[in-house]
Amino acid sequence: MRVALVNPAWDYRNSIYFGCREPHFALELGYSAALLTAAGHDVLMLDAHLCELTHAQTAEKVAAFGADMTVVTTAPTYLFWRCAPPELRVPRAFLDALAGRGGRTVAVGPHGSATPRATLGKLDVDAVVRGECEEIVLRLAEAQDLRSVPSIAYRDGGDVRITGGPHAARFSDAPALRWPAEWIARHTHHHHRFDQGPDGPGAEVEASRGCPYTCSFCAKIDFRDAYRRRDLDPVLAEIDGLIAQGVTYVYFIDEIFLPQKPLLEALVARDLRFGIQTRIDLWKPDMLDLLGAAGCVSIEAGIESLTVQGRAALDKKCRATTDELAERLIHARKTVPFVQANLIKVAGDDPAMVAQWRDHLRGRGVWANDPVPLYPYPSSPDYRRLWGEPDDLAWERAHAHYLGLFDAFSDIQEERPLPLRELEAACGRS
C-alpha cells in the first residue's frame with residue numbers, strides 16, 4: 001500500500017495553544033514510517049510545517065504520490081499531544097485541500113483519542129485512531145475490513161463504530177529513526193535552549209514514554225500514559241545517526257526524563273548538547289552532576305505549586321519540601337546552564353510568596369516562570385473531576401471554561417483567544 005503521512009502547516013492564530021510554535025519532528029509519523037517501510041509499504045512522509053508548504057502544496061504532493069491511505073496528525077508532534085491546540089481547523093484545512101485524492105483518510109492525535117466521535121465528524125475522515133498511533137497505522141495499512149482494527153473509530157452507514165479503547169504501543173523496541181538530510185538542515189530550532197543560539201541543526205528524540213505519576217493537570221489518560229523505557233541501543237543508534245548528520249542539540253520529548261545512568265554515561269562520550277523535562281525531586285545530587293557532564297544544557301522541572309497543600313491538590317505525590325526543591329534546582333544549575341522551575345496558577349498559593357520564591361531562585365541563576373493557568377484537557381484527571389468522562393462536546397466545554405476563568409494568559413499565547421466554535425468554523429459536526 002502507498003501511505004502518505006502528513007504533519008500539516010500549523011497556524012496558531014487566536015489559539016490558547018501555549019506550546020512552542022517552531023517546527024519539531026513529528027516522531028509519531030517517524031515511527032509509523034519505520035514500521036510501514038519494514039512491512040513493505042511505500043511511504044511518503046511530509047512535514048508541511050518544517051518545509052513551509054501550504055495545504056494546497058501538501059495536498060498536491062499526496063495526490064501525485066497516489067496514496068492509498070493518508071494519515072494526518074491533529075497535534076504538532078508527540079511532544080505536544082499533552083498540550084495540543086484544542087481546535088482542529090489546521091488538519092481540516094489540509095483535508096479540504098486534499099479533496100478526496102488521498103485514498104482512505106486517517107486522523108491520529110489527542111483529539112480522536114479522547115473524543116473519537118466528535119473528531120470523526122469535525123474532520124470527516126474515514127477513521128480516527130485512539131491512543132498512540134504507530135502500530136495502529138500499520139494495522140490500518142494492512143486491513144481491508146476496518147472492523148478488524150483495534151482502537152479506531154469509523155462510520156458504518158449512519159452509525160459510528162468504536163473498536164476499543166486507546167492503544168498503548170510497545171515502544172521499548174522502537175527502531176532508530178532517520179530523517180531526510182533536507183529536514184535536518186531545516187531544523188535549526190533548539191527546543192527550550194537558552195544558554196546560547198543554535199550552533200548546528202537540532203532534533204527531537206524519545207528515550208522513554210509515559211509517566212508513573214498521575215498529576216491532575218496532565219493530559220495523558222488516553223495516550224502516553226504507562227511509563228516505558230526505550231531500549232538503549234536504538235536510542236544511541238538514533239542519536240549517533242543525528243550526530244553524523246551534523247545535529248548538535250537534541251531535546252528529549254519524554255514526559256518525565258528519569259535518571260538513566262547507562263544513557264547518561266553513554267552521552268558523556270558524545271559531542272552533543274540536550275534538553276529535558278523532569279521532576280527535580282527524583283534526582284540526587286550525584287545524578288544531577290552526571291546529567292550536566294553528559295551534555296544537558298536545559299532542564300524544565302515541574303514544581304507546579306509552592307505549598308505542600310497545593311502539590312497534594314495536584315496529586316504530585318512529592319515528598320520533598322519547597323526548600324528542598326529549591327536546593328535541588330540550585331544544585332542542578334551548577335552544571336546545567338539553564339534550569340527552569342515550572343509553576344502553575346494554583347488556588348491558595350500566595351502571590352507575594354510566589355514572587356519572593358521566584359526572586360530567590362533567579363538570584364541563584366534559576367528561572368521560575370510566572371504561574372500560568374491550567375487548561376482542563378479532556379484527557380486529564382482535572383477534566384474528569386469537573387465533568388466526568390469526555391463526551392462529544394468535551395473540547396468545547398473545556399475551552400469555554402478556560403476562557404471564562406482567566407482574563408490573562410501565558411505570554412506566549414494570543415491576547416484574545418477565540419471560542420472553539422469560531423476557530424473550527426470550517427469543521428463539520430458529528
Side-chain angles (χ1 to χ4, degrees), residues 20 22-25 27 30 77-79 174-179 181 183-209 211 229-302 327-342 361 364-367:
C20 180
E22 295 291 332
H24 304 80
F25 288 145
L27 298 185
T77 170
Y78 260 155
L79 173 59
L177 299 184
R178 294 288 181 260
W179 303 103
W183 290 20
I184 294 288
R186 284 179 169 273
H187 196 308
T188 57
H189 175 60
H190 288 195
H191 182 68
H192 208 265
R193 185 176 188 180
F194 302 101
D195 63 305
Q196 66 171 56
D199 54 357
E204 288 75 41
V205 174
E206 189 174 20
S208 67
R209 183 178 295 182
C211 179
R229 184 170 290 180
R230 192 176 176 196
D231 294 342
L232 183 59
D233 286 346
V235 174
L236 293 178
E238 185 170 322
I239 288 172
D240 287 341
L242 291 168
I243 293 173
Q245 289 181 289
V247 168
T248 60
Y249 175 88
V250 301
Y251 188 80
F252 286 99
I253 74 158
D254 310 33
E255 279 78 6
I256 181 168
F257 189 93
L258 295 177
Q260 296 190 43
K261 193 172 184 179
L263 173 58
L264 295 178
E265 288 178 337
L267 291 175
V268 169
R270 287 164 167 81
D271 185 16
L272 185 73
R273 309 284 81 79
F274 63 91
I276 66 167
Q277 50 192 349
T278 190
R279 283 179 52 153
I280 204 71
D281 56 306
L282 303 177
W283 290 78
K284 295 180 179 179
D286 63 322
M287 287 301 292
L288 286 172
D289 294 342
L290 178 58
L291 182 65
C296 184
V297 295
S298 176
I299 296 175
E300 197 174 0
E327 290 172 4
R328 204 66 57 87
L329 291 164
I330 292 168
H331 183 95
R333 181 61 184 82
K334 293 178 181 178
T335 57
V336 178
F338 183 82
V339 178
Q340 174 179 334
N342 280 350
L361 285 187
R364 304 296 296 273
V366 176
W367 172 253

Legend entry - From CD1 (Ile276) to CG (Leu264), nearest 0.5 Å: 8.0 Å

Legend entry - Atom pair CD (Gln340) and CG (Leu361), whose distance is rounded to the nearest 0.5 Å: 11.0 Å

Inset, instruction - Examine the side chains of His187 and Glu204 and answer whether a donor and an acceptor come within less than 3.5 Å of each other. - result: yes

Legend entry - Derivation and outcome, salt bridge (Lys or Arg N to Asp or Glu O under 4.0 Å), residues Arg273 and Asp271: CA-CA 7 Å; Arg273 309 284 81 79; Asp271 185 16; 3.6 Å; yes

Legend entry - Atom pair CG (Leu79) and CG (Asp254), whose distance is rounded to the nearest 0.5 Å: 10.0 Å

Inset, instruction - List the steps, then state whether side-chain contact (heavy atoms from CB on, under 4.5 Å) holds for Val297 with Tyr249. - result: CA-CA 9 Å; Val297 295; Tyr249 175 88; 3.6 Å; yes

Inset, instruction - Side-chain contact test, heavy atoms from C-beta onward, threshold under 4.5 Å: evaluate it for Val268 versus Leu290 and give yes or no. - result: yes

Legend entry - Minimum heavy-atom distance Cys296-Pro337, with the two atoms named: O-CD, 3.8 Å

Legend entry - Distance-minimising heavy-atom pair for Pro234 and Pro175: CB-C, 4.3 Å

Legend entry - Asp289/Lys334 under salt bridge (Lys or Arg N to Asp or Glu O under 4.0 Å): CA gap, chis, key distance, verdict: CA-CA 8 Å; Asp289 294 342; Lys334 293 178 181 178; over 6 Å; no

Inset, instruction - Inspect the surroundings of CG in Asp233 and state if more than 12 heavy atoms from other residues, nucleotides or ligands are less than 6.0 Å away. - result: no

Inset, instruction - Please report the closest heavy-atom contact between Ala332 and Ile299, naming both atoms and the distance. - result: CB-CD1, 4.0 Å

Inset, instruction - Answer whether the closest heavy-atom distance between the side chains of His190 and Ser298 falls below 4.5 Å. - result: no

Legend entry - Sub-4.5 Å side-chain heavy-atom contact between Ile184 and Phe25: yes

Inset, instruction - Run through Glu300, His24, Glu22 and flag the one making a side chain to side chain donor-acceptor pair (under 3.5 Å) with His191. - result: His24

Inset, instruction - Indicate yes or no: at least one non-hydrogen side-chain atom of Leu288 is less than 4.5 angstrom from one of Ile280. - result: yes

Legend entry - Spacing of OH belonging to Tyr251 relative to CZ belonging to Phe257, to within rounding of 0.5 Å: 10.5 Å

Inset, instruction - Nearest 0.5 Å please: distance from the CZ atom of Arg328 over to the CG atom of Leu282. - result: 9.0 Å

Legend entry - Heavy-atom closest pair, residues Cys20 and His189: SG-NE2, 3.4 Å

Legend entry - Heavy-atom closest contact (Gln260 atom, Ser208 atom, distance): NE2-CB, 4.4 Å

Inset, instruction - Examine the side chains of His192 and Gln277 and answer whether a donor and an acceptor come within less than 3.5 Å of each other. - result: no

Inset, instruction - Return yes if some donor-acceptor pair links the side-chain N/O of Arg230 with the main-chain N/O of Val235 below 3.5 Å, else return no. - result: no

Legend entry - Gap separating the CG atom of Asp281 from the CG atom of Leu329, nearest 0.5 angstrom: 9.5 Å

Inset, instruction - Give a yes or no answer on whether the side chain of Glu206 reaches the backbone of Ala174 with a donor-acceptor pair at less than 3.5 Å. - result: no

Inset, instruction - May I ask you to decide if Gly365's main-chain N or O and Arg333's side chain share a donor-acceptor pair within less than 3.5 Å? - result: yes

Legend entry - Atom CZ of Arg364 with >12 non-hydrogen neighbours under 6.0 angstrom: no

